[in-house]
Protein chains: 2
Amino acid sequence: MSYGLLIQNINKNLNLSNKELDLVCKYFKPTEIKKREFLLTQGSICKFEGFVLEGCFRIFTIDKKGNENTLYFAAKDWWLMDIDSFMNQIPSNLNMQALEDSKVLLINRQDKMMLYNSIPIVEKLFRIMSQKALVSWQRRLIRNHAFTAKERYFYFIKTYPDISSKLTDKQIAGYLGIRHEFLSKIKKTEK
Amino acid sequence: MSYGLLIQNINKNLNLSNKELDLVCKYFKPTEIKKREFLLTQGSICKFEGFVLEGCFRIFTIDKKGNENTLYFAAKDWWLMDIDSFMNQIPSNLNMQALEDSKVLLINRQDKMMLYNSIPIVEKLFRIMSQKALVSWQRRLIRNHAFTAKERYFYFIKTYPDISSKLTDKQIAGYLGIRHEFLSKIKKTEK
DNA sequence: GAAAAATGTTGAACAAGTTCAACTAGCCAA
DNA sequence: TTGGCTAGTTGAACTTGTTCAACATTTTTC
């Protein structure tokens, strides 16, 4: 079974009984996805929520000017979803692309609803997870305002060494909100 | 009773029975706060979650360079909280200042826990609210990357005319992540 | 293993945004 | 009424980041 990581991740947020964990896990289906393939593309409706077991994903949008803005990267032990599209069944603005051969656990919308209804503590679990995520988005916004691109770059590679080492500079630049040419110049100036 | 607005706000997210709404409301205590006073200051522990009935607040942090970064403004019908400090009882990084004489409904930590435990649907309510908030933070980050300061300024005053009309340019600049001198120059160039 | 495609580097000219300083205007308190 | 705050404006010099184009390097594809 490959649910150990999911169970561990859940227990970081809230302690569930073994019975509850079993039930939760049953709803999540293991899925493999090849490098460069998409789990979701802009314009389509997000039919799943996912948890990454192996590999790495890049979650990004393409704006009117054609620039790719990376919202976040999801490596092992990260969640992966377009809440808005998933909850409201509206077309997504996001693309989720595997950066390497990856394994994810997916749950579809109907099963997610069942899960919420049949195991009430799951509401609490996702409430807590969402609130934690909220805090980190707030902090990221502040960092974007308070730090220069160079500071943000070094913060990123220091804070997420496992993820950043898998990424091209172009992908990192998309996450930092700068052009990759400029990142190249930042790196040249050295720490 | 001044709970009408809160009830309305809750019902936008999830339909609760009148009985449940009554119970929820009981936990929220009306509080008044004068212009320029603080509901929370950086370094102290956030002991409440709040909902704004009247007036307007500015939620900001002061970074090492002494710059004020505004996370958001909370006017009538907005929620107001430092989840991280409130949940984990750690010192807050945030300041919450009334920009005019204001009225809020506050709930303390113990009561919030009670509320979660005694009315399970409240977990769902705050799960949904947090997820919606998450989406809007993600969108804001993308806007910050994809738009210039000028575009962000006009987006802000167009999207939040009621709030932005109450604010000084300095406060708006803090929200946009630019210096107020530059905002002054943006405005001069006209739409 | 060669061709094609994507990524990374560099430079020069440019645009966006900051800094600092000087000045204007409005507001409030005593 | 005066003095002291704070907000807003403007200009000049500066820093940060962009754009575009040319080239080098790595990765992918067949």
Side-chain angles (χ1 to χ4, degrees), chain A residues 34-38 55-56 58 60 62-70 73 95 97-101 141-157 164-191, chain B residues 34-38 56 58 60 62-70 73 95 97-101 141-157 163-191:
Chain A
K34 290 271 169 223
K35 185 170 178 172
R36 263 182 289 278
E37 283 180 3
F38 285 81
C56 189
R58 176 170 146 257
F60 65 99
I62 300 178
D63 63 33
K64 298 116 215 166
K65 297 172 194 164
N67 292 323
E68 294 186 0
N69 292 108
T70 297
F73 301 103
N95 303 282
Q97 186 182 30
L99 299 179
E100 44 187 66
D101 292 356
L141 188 108
I142 294 298
R143 285 197 303 276
N144 280 346
H145 282 180
F147 293 174
T148 63
K150 185 173 180 177
E151 291 168 327
R152 264 145 50 212
Y153 171 67
F154 285 110
Y155 176 89
F156 178 67
I157 59 171
S164 61
S165 62
K166 295 179 175 187
L167 304 171
T168 64
D169 284 355
K170 212 177 165 188
Q171 289 162 348
I172 294 178
Y175 174 86
L176 297 175
I178 57 174
R179 318 262 85 228
H180 75 283
E181 295 95 327
F182 187 55
L183 178 53
S184 178
K185 286 163 196 174
I186 284 174
K187 293 178 77 174
K188 204 180 54 170
T189 66
E190 235 17 86
K191 182 106 191 173
Chain B
K34 290 274 169 220
K35 184 169 178 173
R36 265 181 287 278
E37 283 180 3
F38 286 81
C56 189
R58 177 170 145 258
F60 65 100
I62 301 179
D63 62 33
K64 297 119 215 162
K65 296 172 195 163
N67 292 323
E68 295 187 357
N69 292 108
T70 296
F73 300 103
N95 302 282
Q97 184 182 32
L99 299 178
E100 44 187 66
D101 292 355
L141 189 107
I142 294 297
R143 285 197 304 274
N144 281 345
H145 282 179
F147 293 174
T148 63
K150 185 174 179 175
E151 290 168 326
R152 262 142 54 212
Y153 171 68
F154 286 110
Y155 176 87
F156 178 66
I157 58 170
I163 295 183
S164 61
S165 61
K166 293 178 177 190
L167 304 171
T168 64
D169 283 355
K170 212 175 165 188
Q171 290 162 348
I172 294 178
Y175 174 86
L176 297 174
I178 57 174
R179 319 259 84 227
H180 74 282
E181 295 95 328
F182 187 55
L183 178 53
S184 178
K185 285 164 195 173
I186 285 173
K187 294 178 77 173
K188 205 180 55 169
T189 66
E190 236 18 85
K191 184 102 190 176

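Order of the sequence lines fixes the chain letters, A, B, ..., with proteins taken first and strands second; residue numbering starts at 1 for each chain. Please read all numbers here as calculations on a predicted model, not as lab measurements.
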Legend entry - Per-nucleotide protein contact string for nucleotides 9-17 of chain C, where B marks a base within reach and S marks sugar-phosphate only (heavy atoms under 4.0 Å, - for neither): BBBB----B
Legend entry - B/S/- contact track for nucleotides 24-30 of chain D, protein heavy atom under 4.0 Å: ----S--
Inset, instruction - Could you pull out all residues at least two apart from Thr148(B) that satisfy side chain to side chain contact (heavy atoms under 4.5 Å, CB included)? - result: Lys150(B), Glu151(B)
With [X] via salt bridge (Lys or Arg N to Asp or Glu O under 4.0 Å) - residues at least two apart:
X         : result
Arg152(B) : none
Asp63(B)  : none
Lys35(B)  : none
Glu37(B)  : none

Legend entry - salt bridge (charged side-chain N to carboxylate O under 4.0 Å, His left out) pairs, two or more places apart, involving residues 175-184 of chain A: none
Legend entry - salt bridge (charged side-chain N to carboxylate O under 4.0 Å, His left out): pairs with one or both residues in residues 164-174 of chain B, sequence neighbours excluded: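 As it turns out, the salt bridge (charged side-chain N to carboxylate O under 4.0 Å, His left out) pairs with a partner in residues 164-174 of chain B, which skip direct neighbours, are Glu100(B)-Lys166(B), Asp169(B)-Lys187(B).
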Inset, instruction - Could you list the residues that satisfy ring pair (Phe, Tyr, Trp, His ring centres under 6.0 Å) with Tyr175(A), not counting sequence neighbours? - result: Phe73(A), Phe156(A)
Inset, instruction - With sequence neighbours excluded, tell me which residues meet side-chain hydrogen bond (donor to acceptor under 3.5 Å, both in side chains) with Thr168(B). - result: Gln171(B)
Legend entry - Rounded interatomic separation in angstrom, taking CD from Glu68(B) and C1' from dT18(C): 17 Å
Legend entry - Rounded (10°) bend between the five-pair end axes of the helix from dG1(C)-dC30(D) to dA30(C)-dT1(D): 50°
